[in-house]
Structures are given as structure tokens and as C-alpha cells.
Amino acid sequence: MPETAPSDWRRFAGVGLSQKALKAAAARKTEIRHAIRVSAAVGAAFALATLLRLPQGYWAVFTAVIVVQSSLGATITASLERFMGTVVGALAGAGAAYCHARWPEFGGIILCVTVALLAFLASMRPALKVAPVTAVIMLIGTTTHMDPLLAAGWRVAEITVGSVVGIAATLLIFPARAHASVVSSVQKIAGLQAHILDSHVLTLRGTPGPTDYLKAQDDLRAALAKLQTGMTEADRENASKLSERSVSDAIPRTLWRLRNDTVMVGRTLHEPLPAEGLAPAAADMLEASAKFLRATADLLAGGPRPDRVAFAEVHQTFQTCVEGLRKQGLTRELEFDDAARVFGLVFAIENLFGNLGDFEERIEEVAGKKD
């Protein structure tokens, strides 16, 4: 059997490394695209600032770096906030600069008072958080030799150039829409909630898993907050007529209700259920709920519609079980705390069933708009 030459081994090793590099790049596709967008925006802002001979063109470059975000909606939001903050800060800085020119001995006091007023304004309107920085730069920066209004005008122009370039880069280079981020967030939230329900199923069947419920709920709240941010960015895209896709505001509200349902279920399962006949039916119902929840979220991304008939049949079986326990009088023999947990679980599952139906209807409305 012929031996493989050293050059062949090096070639095979090179192919293996190349494949690993490609896989690593594919796993970081979003980050790589964002880096390219930022780089292109910086180059364009620098070229445009040089062409327009802006006195402090580097502010256009800084702005391009700051405003380019992971989606178009986020970039528009960051651009508007930076523009508004710059306008307010520049005007306040111009007024402070006139005061400083008239009373130079009070320069420190004028600076502190101006910053205090703008910081107070920014605390009420977070979108203006750049205003104090802009005013400080105008008062102690390299533009102090200019007429204050002229310096303010140049500053606004520089920020405008950077903002426009940032929006253009996000729109034209690997365009990313906030709608895609919203869809991804909805699927993630549904997956987290379904995982919690699956853990409750294991508990009811006597084989609890290692799920950390506190961490799971923390992750869920963080994902819901991210979804709300994505919704705001998607609304900004729609308002700017740069996107026609939207997700109903009812979806985040329904997801919050579903989250509350999972919490209620968990509170009833900190100890084994006293009504033994209820546990298997409740486990089947929660398992079907987790499956229905995942299928509904996948519908938003173009997946098939969930089997609502099968889900309703499992729910009917659960109701039959509960009614059987009631007719047998088993719940009347329970202690108060045990009875509260049993009825609490039944109430939580009924709420969960209703909210899952609402969630599926809201998702179908959005999927119908996409079609």
C-alpha cells in the first residue's frame, strides 16, 4: 500500500482547516455582515466629510460607527436620537458660548449650569442623551474660535452626514429588517416557554429534570424585553416607509399572559399533586400545549399551521378527567392548601389553553398579511 506523501497530508490538513474556517464564518454570519456594514459606513462617511470639507469631519465618522445597528429599524432609531440630541445640545451650547464670550470669568459656572440643564432634560427624554456631550464639546472643544451659531450648524451637518450614511449602509449592505428580529424573538420566547412546560410535564410524571426555573424565568423576561425593543424598531421601519411587514402589538401581550400561565402552573407543582388521577391528564395537556406553542411560533416563520383539532381533543380529555374527579368527590376530601393547588393547576391550564388559542389566532393574522 503506497504511503501518502507529506505534501498530501499538508493538503488534506489545509482542506480541513478551510472547512472549519468556513463553518466558523457561517456561525458568525450576522456579526460578519454587521462588521462589513460598519466598515463601509465609516469609509463612506470619511470620504463624504472630506469631499464636503467639514471642519471636524471625524464627527461624521464617529456618528456612522455609532448609529449603524443590527437592523434598519434600530439604525433609524439611533440616527434620530443622535440627530435630535445634537440639535438640542448644539443650540444650548451656542447660547452658552455667547454667554461665555460676554462673561468669560464665569466660564466654569456657565459650563456646569448648561450641562445640568441638559442632563435634566435627558433624564426626562432619554433620546436626548447626546445633548450634554455636544454642548460640552462646543464650549471647550476646538470650535470655540468660531461664531457659536456657525459652529452649531457645522456640528449638526457633520452628525447629519454620519446618520444618513449609516442608514444608507444598513439599507443597502446586507439589509437586515427589524421584522426578522421580531420573528426570531417570538420563536425564542415560545421555545423558552415550551421548555418550561416540558419540565413541568416531567415533574408531573415523577421524573423532574434539572431545569433552573428562576434562571428560565429570567431568560424569558429578558427575551420579552428584547421583543418589545424589536417591535419599536419594526414600527420605526414601517413609519419610515422602508418596510411593509409588521407584527401585531397583541402578540407580546399574549406572550406575557402565557408567561404568567407557566408561572401559575409552576407554583402548583412545588409538591406532588394530592389528586393522583389528575397528574397524567395534566401532563398530557401541558405536553400538548408545549407542542402547540412551538408549532404556532414556527407558523410566523412560514411553517405549517398547528393541529388545533388534536390540541382541542387533549383539552377535552383533561376536562373529562377534572369532571370525573369532581363527581367522585375526591376534591372535597382535600386539605385547604392541597385543594387550592389542585384548583390552581386546573385554572392555570384552562387559562393556558385560552391564551394559546389567542396566540395562534394573532400569529395567523400576521401570517395572512405576509401571504
Side-chain angles (χ1 to χ4, degrees), residues 25-49 57-90 122 125-134 137 155-189 219 221-247 249 251-252 300-301 366:
R28 295 293 183 183
K29 180 173 63 176
T30 301
E31 291 82 356
I32 292 173
R33 288 181 172 181
H34 179 67
I36 293 173
R37 279 196 297 268
V38 173
S39 178
V42 165
F46 177 77
L48 196 55
Y58 54 83
W59 284 111
V61 178
F62 286 159
T63 299
V65 173
I66 293 170
V67 303
V68 175
Q69 304 293 316
S70 57
S71 70
L72 179 59
T75 299
I76 293 173
T77 300
S79 298
L80 288 175
E81 289 183 353
R82 186 158 179 80
F83 179 78
M84 290 188 297
T86 299
V87 170
V88 172
R125 294 287 300 274
L128 302 177
K129 58 182 177 291
V130 178
V133 178
T134 302
I137 292 173
R155 179 52 43 79
V156 172
E158 290 152 5
I159 299 302
T160 301
V161 168
S163 297
V164 171
V165 168
I167 293 173
T170 310
L171 181 63
L172 301 176
I173 303 173
F174 302 120
R177 296 291 193 267
H179 178 84
S181 175
V182 169
V183 171
S184 177
S185 292
V186 170
Q187 290 182 299
K188 180 179 179 180
I189 292 167
D219 292 343
R221 283 192 294 269
L224 284 163
K226 182 179 179 181
L227 171 61
Q228 198 59 57
T229 300
M231 294 285 293
T232 301
E233 294 171 359
D235 290 342
R236 184 79 70 180
E237 284 184 7
N238 292 331
S240 64
K241 306 301 181 182
L242 296 175
S243 175
E244 296 179 354
R245 307 173 103 185
S246 63
V247 173
D249 290 336
I251 289 179
L300 189 59
V366 176

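Each residue takes its place number in the sequence, starting with 1.
Closest of all the heavy-atom pairs between R37 and Q69 is NH2-O, 4.0 Å. For the pair I173 and A40, the tightest heavy-atom approach, listed with the atom from each and the gap, is CD1-CB, 3.3 Å. A41 and V165 make their closest contact through O-CG1, 3.3 Å (heavy atoms, listed as atom of the first residue, atom of the second, distance). Here the closest non-hydrogen pair linking G166 and T75 is O-CG2, 3.8 Å. When every heavy atom of W59 is checked against every heavy atom of I159, the shortest pair comes out as O-CD1, 4.2 Å. Nearest heavy atom pair, residue A60 against residue V161, reads CB-CG1, 4.1 Å.
Separation of atoms CD1 (I76) and OG (S163) is listed at 11.5 Å; rounding is to 0.5 Å. Note that CZ of F83 is 4.5 Å distant from OG1 of T160, once rounded to the nearest 0.5 Å. Between atom CZ of residue R155 and atom OG1 of residue T86 there is a gap of 8.0 Å, rounded to the nearest 0.5 Å. Rounded to the nearest 0.5 angstrom, R82 CZ and K129 NZ are separated by 9.5 Å. Here the NZ-CG distance, from K188 to L224, works out to 10.5 Å after rounding to the nearest 0.5 Å. Here the OG1 atom belonging to T170 is positioned 13.5 Å from the CZ atom belonging to R33, to the nearest 0.5 angstrom.
Within the 4.5 Å cutoff, the side chain of V65 has heavy atoms near those of the V42 side chain. A heavy-atom distance below 4.5 Å is not found between the side chains of E81 and V130.
More than 12 heavy atoms of other residues, nucleotides or ligands sit less than 6.0 Å from atom CZ of R221.
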### V68 vs H34, side chain to side chain contact (heavy atoms under 4.5 Å, CB included): CA-CA, chis, key distance, verdict
CA-CA 8 Å; V68 175; H34 179 67; 4.1 Å; yes

### Query
Are V182 and M231 close enough, and set up right, to give a side chain to side chain contact (heavy atoms under 4.5 Å, CB included), and what steps lead you there?
CA-CA 6 Å; V182 169; M231 294 285 293; 3.9 Å; yes

